[in-house]
Amino acid sequence: MEAILTTKIPLSFSSSSSTSSNTPSLSLSSLSSLSKTTKKLSNTLIFKGTQHCNYPSSLKICAMSQTAPASVEPSTIPTEMKAWIYEDYGGVDVLNFGSNVKVPELQDDQVLIKVAAAALNPVDFKRRLGKFKASDSPLPTVPGYDVAGVVVKVGSQVKEFKVGDEVYGDISEKALDGPKQFGSLAEYTAVEEKLLALKPKNIDFVQAAGLPLAVETAYEGLERAGMSPGKSVLVLGGAGGVGSLVIQLAKQVFGASKVAATASTGKIEFLKSLGVDLAIDYTKEKFEDLPEKFDVVYDAVGEGERNVKAVKEGGSVVVLTGAVTPPGFRFVVTSNGEVLKKLNPYLESGKVKPIVDPKGPFTFDKVVEAFTYLETNRATGKVVIHPIT
């Protein structure tokens, strides 16, 4: 994969070496050259490569032929890197491409990752819009939570990982409470050891990058809802990044007796390919009017008071977005590498499959397009960025 950078923005970050904070402190030292008129169009990355899309009967997965990032010796780790940043909250127009961003300094409990692929989540654009600015880390921001890549440096307290390990994870322990300023939409990112797991050997970097935040959200929500063998679950928004994993985890990990899910007409067959027992076309029928009720309703799309009408008495309703009506509850996922380790055997056996939207992966110069597509709420599975170079 070859990248040609036609223009550079003179931009740099600096980070504090203090180990008292979970995330590096970040400051922008040369904003004068990063005007609002300097956008990604003047900093075009041209990638040469072939994209291969396959649509097996069971899943829709599209991935680019790829290899691991080139080996990087600690002595040759650059001081500057390419990264996407924004210095103000707003729409996709606030995103800028920087070619001289300082590589984050490493805390004692962190590893430095050469990023191979990153994925976008709804929290990424909500954060960029300033939806939780009161608890956000200070601007400017390198966005991105999900990462897959290769460890190129380890902190003095790191015990589990070594240079050369292929890892994946959600780099911010709390998605809404002081998430990292140095995100995954960069060539390098620094991550606490406890937030990571070794990448399953049978999946590539694109597939791995699409998993962490979504699969941890799916798992934690089902766990909080008291999901257990023999219970039934209704997944609202079953074709999305989280919903598609809730379906699989409910079946394969939690032992659900019945899994129902909603989607639009064109995605009903996709739901069935994931193992759904009852696929509901929300354009043709109302799930709350079904005579059957469910032990758990997992609402990934924000159906408001409609979701509680589908739950059995004494059941649980997980709500990820929108209004919450009792007995519904909302939670914010906590990034945890132990969850990924627990789920790795299911991924390695093929019982749980990562789903990458067939429009992707988007190349690193197409991050604005990737955000725009994500914000249509029409993605199937995850929107992934690859290669990062």
Side-chain angles (χ1 to χ4, degrees), residues 58-59 211-263 267-282 285-334 336 338-347 349-355 381:
S58 60
L59 294 170
L211 283 167
L213 192 150
V215 80
E216 290 175 357
T217 300
Y219 183 88
E220 187 174 336
L222 287 169
E223 192 173 54
R224 286 173 176 263
M227 191 67 198
S228 59
K231 288 187 176 182
S232 60
V233 60
L234 169 63
V235 185
L236 305 179
V242 173
S244 60
L245 288 164
V246 172
I247 290 168
Q248 296 183 75
L249 296 188
K251 274 274 188 181
Q252 302 297 335
V253 180
F254 288 88
S257 60
K258 184 171 186 177
V259 177
T262 65
K267 297 179 180 178
I268 292 300
E269 290 305 313
F270 172 69
L271 291 185
K272 294 178 181 178
S273 76
L274 295 177
V276 164
D277 301 296
L278 175 63
I280 304 166
D281 183 345
Y282 67 75
E285 56 183 328
K286 295 181 177 180
F287 64 84
E288 69 268 32
D289 291 341
L290 294 173
E292 182 178 7
K293 305 304 175 184
F294 300 87
D295 296 301
V296 174
V297 175
Y298 200 118
D299 185 357
V301 290
E303 293 289 4
E305 62 183 16
R306 294 176 63 200
N307 53 38
V308 299
K309 296 178 181 179
V311 70
K312 290 180 180 178
E313 185 175 351
S316 298
V317 180
V318 185
V319 181
L320 295 187
T321 186
V324 179
T325 302
F329 68 90
R330 177 181 292 140
F331 75 99
V332 178
V333 66
T334 299
N336 186 352
E338 293 303 316
V339 171
L340 298 179
K341 295 170 194 174
K342 183 183 296 187
L343 296 177
N344 270 357
Y346 295 94
L347 291 159
S349 68
K351 290 181 178 179
V352 176
K353 299 177 176 65
I355 313 296

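We're numbering straight along the sequence, starting at 1.
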- Note on the structure: In short, salt bridge (charged side-chain N to carboxylate O under 4.0 Å, His left out) pairs touching residues 233-251 with sequence neighbours left out are K251-D277
- Item | Side-chain (S244) to main-chain (A239) donor-acceptor, under 3.5 angstrom | no
- Note on the structure: Here the gap from Q248 atom CD to L343 atom CG, rounded to the nearest 0.5 Å, amounts to 11.0 Å
- Message: For a 4.5 angstrom cut-off between non-hydrogen side-chain atoms, does V319 reach N307?
- Response: yes
- Query: F270 and I355: side chain to side chain contact (heavy atoms under 4.5 Å, CB included), yes or no, with the steps?
  - Reply: CA-CA 11 Å; F270 172 69; I355 313 296; 3.6 Å; yes
- Item | Heavy-atom neighbours of E285 CD exceed 12 at 6.0 Å | yes
- Please name all residues satisfying salt bridge (Lys or Arg N to Asp or Glu O under 4.0 Å) with E303, sequence neighbours left out, ordered by chain then number. R306
- Query: Rounded to the nearest 0.5 Å, what separation is found between the CG atom of L340 and the CD atom of E216?
  - Reply: 4.5 Å
- Task: Measure the shortest side-chain to side-chain distance between L347 and L211 over non-hydrogen atoms and say whether it is less than 4.5 angstrom.
- Result: yes
- Beyond-backbone contact of V339 with E220, side-chain heavy atoms, under 4.5 angstrom: no
- Item | Qualifying residue for side chain to side chain contact (heavy atoms under 4.5 Å, CB included) with M227, from V246, V296, L249 | V296
- Task: Please report the closest heavy-atom contact between S232 and S257, naming both atoms and the distance.
- Result: N-OG, 3.8 Å
- Message: Working to the nearest 0.5 angstrom, can you tell me the gap between Y298 OH and L245 CG?
- Response: 9.5 Å
- Message: So which atom in S316 and which in A225 form the shortest heavy-atom distance, rounded to 0.1 Å?
- Response: OG-O, 3.2 Å
- Task: Search all heavy atoms of A263 against all heavy atoms of L271 and return the closest pair with its distance.
- Result: CB-CD1, 3.5 Å
- Query: Atom CD in Q252, atom OH in Y346: separation rounded to 0.5 Å?
  - Reply: 8.5 Å
- Message: Ignoring hydrogens, what is the shortest heavy-atom contact between G304 and T325? Give both atom names and the distance.
- Response: C-OG1, 4.4 Å
- Would you say K341 has more than 12 foreign heavy atoms packed within less than 6.0 Å of its NZ? yes
- Task: Give, for atom CG of L236 and atom OH of Y282, the distance between the pair rounded to the nearest 0.5 Å.
- Result: 11.5 Å
- Message: Does K351 have more than 12 heavy atoms from other residues, nucleotides or ligands lying within 6.0 Å of its NZ?
- Response: no
- Message: When you compare the side chain of I280 with that of L290, does any pair of heavy atoms fall below 4.5 Å?
- Response: yes
- Query: So which heavy atom on K231 is nearest to which on G226, and how close?
  - Reply: NZ-O, 2.8 Å
- For the side chain to side chain contact (heavy atoms under 4.5 Å, CB included) test, which of T217, L320, V242, V215 pairs with V333? T217
- With rounding to the nearest 0.5 Å, note down the distance linking NZ in K258 to CG in L234. 10.5 Å
- Nearest atoms (heavy-atom pairs only) where L274 meets G238: CD1-O, 4.2 Å
- Beyond-backbone contact of P327 with V308, side-chain heavy atoms, under 4.5 angstrom: yes
- Kindly state each residue pair satisfying salt bridge (charged side-chain N to carboxylate O under 4.0 Å, His left out) with at least one member in residues 308-322, sequence neighbours excluded. D295-K312
- Query: Does the side chain of V297 come within less than 4.5 Å of F287's, by heavy atoms?
  - Reply: no
- Item | V318 side chain near F329 side chain, heavy-atom distance below 4.5 Å | yes
